[in-house]
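Contents: one structure, followed by commentary.
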Protein chains: 2
Amino acid sequence: MPRNRQDQTKQAKRDEILAAASSLFLAEGYDGASMGKIAAAAGLTPNTLYWYFGDKDELFVAVADLYLDRLLQNHGAVAEKPLAQQFVWLVDSLRPVRHLVATVHARVTRSPRVEQWHSDFHKQMEALFEDQLTTKVPGAQRAAEVAVVTFAIEGAVTHDLDADATSNLCDSLAQRLAAE
Amino acid sequence: MPRNRQDQTKQAKRDEILAAASSLFLAEGYDGASMGKIAAAAGLTPNTLYWYFGDKDELFVAVADLYLDRLLQNHGAVAEKPLAQQFVWLVDSLRPVRHLVATVHARVTRSPRVEQWHSDFHKQMEALFEDQLTTKVPGAQRAAEVAVVTFAIEGAVTHDLDADATSNLCDSLAQRLAAE
DNA sequence: ACCTGAACACCGTTCAAGT
DNA sequence: ACCTGAACACCGTTCAAGT
């Protein structure tokens with residue numbers, strides 16, 4: 001049954017807005033993608049966005065969640081490969097959304113919503129690799145090793161390392177974890 | 001001789017603006033520190049800032065340069081210490097300006113000025129440690145090791161790691177470079 | 001329930017005008 | 001040379017009003 005003026009489910013309209021927001025956030029960044037532009041791309045006036053999302057950061061987090069879900073799903077396909085290859089896969093997966101990554105870090109301070117998402121994101125990433133690390137890395141330094149890997153991968157993404165440099169960096173990270 | 005209405009050198013007035021901008025950028029971040037607030041803190045109207053600085057990013061970069069210069073000067077005092085201690089020193093030095101670090105990464109895409117500064121910053125940081133690394137790390141993987149160290153330190157800063165975690169992370173980084 | 005027009009309090013920046 | 005008032009084109013967000 002039609003739920004709004006365009007004979008769409010509320011969820012369908014929400015998804016349309018998310019799609020518009022997603023491509024605009026990617027193309028123009030958080031600041032460049034104004035609520036006005038996003039609304040226009042979704043065929044709405046800016047204020048209507050607030051019927052679907054509390055504020056711009058909630059919309060941003062919803063877009064970030066979209067990519068996070070996709071990432072977690074896709075990990076299954078590489079979960080059995082060597083760590084170095086998984087790291088390269090992760091960098092390559094995040095590379096297209098590197099503007100979003102930078103935005104998350106910039107807005108963590110200003111938006112509790114983004115801060116919460118950022119904290120969850122890191123937990124999920126750690127969960128993704130924790131099992132693979134425990135057997136090899138001694139307990140005392142384990143958290144430090146995980147942090148090094150996490151930050152190095154984030155850095156590779158935000159600094160847009162080329163394929164060779166990425167490959168070397170991921171090898172270096174994996175090699176470190178293999179040595180006891 | 002007096003050069004403006006307040007009987008100050010242009011440089012002195014510029015420094016006043018920089019001081020105001022610096023503390024506001026630190027306290028409220030790039031977005032929170034509006035040109036209006038900065039101007040008010042310096043006893044001026046917003047538009048007058050454009051007499052001294054081309055735009056907000058030029059002012060921001062000038063503030064960032066202030067801290068970079070201080071950082072490079074202070075490094076002399078720890079240059080002879082073990083690498084792990086130098087890394088801890090670097091994290092501790094950057095910790096107070098972690099909002100600026102996040103802002104740099106967020107604005108690299110939008111401002112050529114910030115992009116240039118960011119590129120220079122990394123060159124300076126690499127120069128600071130390059131000599132200490134060359135003897136220990138083999139040539140092929142050297143760039144990757146430097147990248148890991150750089151990104152891990154940046155991550156420790158932006159994610160505000162506590163003292164213990166920072167210490168462990170820096171030990172881990174230094175230990176890696178010591179092993180051949 | 002869904003959407004809009006109009007308004008609010010900002011923002012960075014420009015420019016003619018003052019001293 | 002230095003500084004301002006006034007204006008411009010935005011911005012995110014709110015709210016009363018429409019359907």
Side-chain angles (χ1 to χ4, degrees), chain A residues 1-18 20-21 24-25 27-64 99 103 106-107 109-114, chain B residues 1-18 20-21 24-25 27-64 99 103 106-107 109-114:
Chain A
M1 55 178 152
R3 298 282 212 77
N4 58 12
R5 297 182 187 172
Q6 278 75 41
D7 297 328
Q8 288 175 298
T9 308
K10 172 155 186 178
Q11 184 58 43
K13 191 76 195 174
R14 220 186 108 103
D15 288 346
E16 268 187 40
I17 295 171
L18 277 178
L24 271 167
F25 276 136
E28 315 202 20
Y30 185 88
D31 288 338
S34 71
M35 294 299 265
K37 283 185 188 173
I38 294 169
L44 296 169
T45 38
N47 44 6
T48 306
L49 295 180
Y50 293 85
W51 176 259
Y52 294 92
F53 299 93
D55 58 16
K56 190 177 183 180
D57 284 303
E58 190 177 324
L59 177 52
F60 175 76
V61 161
V63 168
H99 292 347
T103 297
R107 293 204 64 76
T109 326
R110 300 189 64 85
S111 161
R113 259 190 252 273
V114 174
Chain B
M1 53 176 152
R3 299 280 213 77
N4 58 10
R5 297 183 187 171
Q6 278 75 38
D7 297 327
Q8 288 174 298
T9 309
K10 172 155 189 177
Q11 184 59 42
K13 191 75 195 173
R14 220 186 107 103
D15 289 345
E16 268 186 41
I17 295 172
L18 277 178
L24 272 167
F25 276 136
E28 316 203 20
Y30 185 88
D31 288 337
S34 70
M35 294 298 266
K37 282 185 188 173
I38 294 169
L44 296 167
T45 37
N47 44 7
T48 307
L49 296 180
Y50 293 85
W51 176 259
Y52 295 91
F53 299 93
D55 58 17
K56 192 178 181 180
D57 284 303
E58 189 176 325
L59 177 53
F60 176 76
V61 161
V63 168
H99 293 345
T103 297
R107 294 205 62 77
T109 326
R110 301 189 62 85
S111 161
R113 256 191 255 273
V114 174

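Each chain gets a letter, A, B and so on, in the order the sequences are listed, and its residues count up from 1. Quantities reported herein were computed from a predicted structural model and do not represent experimental measurements.
Residue Arg14(B) holds its CZ atom at 13.0 Å from OG1 of Thr9(B), rounded to the nearest 0.5 Å.
In this structure, CD1 of Ile38(A) is placed 12 Å from C1' of dC11(D), rounded to the nearest angstrom. Counting to the nearest Å, the C1' atom of dA9(C) and the NZ atom of Lys37(B) are 13 Å from each other. Between the CZ atom of Phe53(A) and the P atom of dC2(C) there is a distance of 13 Å, given to the nearest Å. Atom CZ in Arg14(A) sits about 17 Å away from atom C1' in dC3(C), given to the nearest Å. For Glu28(B) and dC11(C), the CD to P distance is 10 Å, given to the nearest whole Å. Between Leu49(B) atom CG and dC2(D) atom P the separation is 15 Å, expressed in whole Å. Rounded to an integer number of Å, the gap from Trp51(A) CH2 to dC2(C) C1' is 6 Å.
Partners of Thr48(B) under the side chain to side chain donor-acceptor pair (under 3.5 Å) rule, at least two apart in sequence or in another chain, are Thr45(B). By the ring pair (Phe, Tyr, Trp, His ring centres under 6.0 Å) test, Tyr30(B) pairs with Phe25(B), Phe60(B), sequence neighbours left out. With sequence neighbours excluded, the residues satisfying side chain to side chain contact (heavy atoms under 4.5 Å, CB included) with Arg110(B) are Asp31(A), Arg107(B). With sequence neighbours left out, the side chain to side chain contact (heavy atoms under 4.5 Å, CB included) criterion links Ala27(A) to no other residue. Asp55(B) is linked by a salt bridge (Lys or Arg N to Asp or Glu O under 4.0 Å) to Arg113(B), counting only residues two or more places apart in sequence or in another chain. Annotation: side chain to side chain contact (heavy atoms under 4.5 Å, CB included) contacts of Ala20(B) (sequence neighbours excluded): Ala41(B), Ala42(B).
Pairs of residues two or more places apart, or lying in two chains, that qualify as salt bridge (Lys or Arg N to Asp or Glu O under 4.0 Å) and include a residue from residues 35-50 of chain A are Glu28(A)-Lys37(A).
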Detail all sub-3.5 Å separations between protein N/O atoms and N/O atoms belonging to nucleotides 12-16 of chain C.
residue : atom : partner  : partner atom : Å
dG12(C) : OP1  : Met35(B) : N            : 3.3
dG12(C) : OP1  : Lys56(B) : NZ           : 2.6
dG12(C) : OP2  : Met35(B) : N            : 2.8
dT13(C) : OP2  : Tyr50(B) : OH           : 2.7
dT13(C) : OP2  : Lys56(B) : N            : 2.9
dT13(C) : O5'  : Tyr50(B) : OH           : 3.2

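OP1 or OP2 of dC3(C) has not a single side-chain nitrogen or oxygen of Thr45(A) nearer than 4.0 Å.
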In dot-bracket, 5' to 3', how would DNA chain C read with Watson-Crick or G-U wobble pairs under 3.5 Å, [ ] for crossing ones and | for pairs to another strand?
-> ||.|||||...|||||.||

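Contact of the Phe53(B) side chain with the Leu18(B) side chain is registered, since non-hydrogen atoms from C-beta on lie closer than 4.5 Å.
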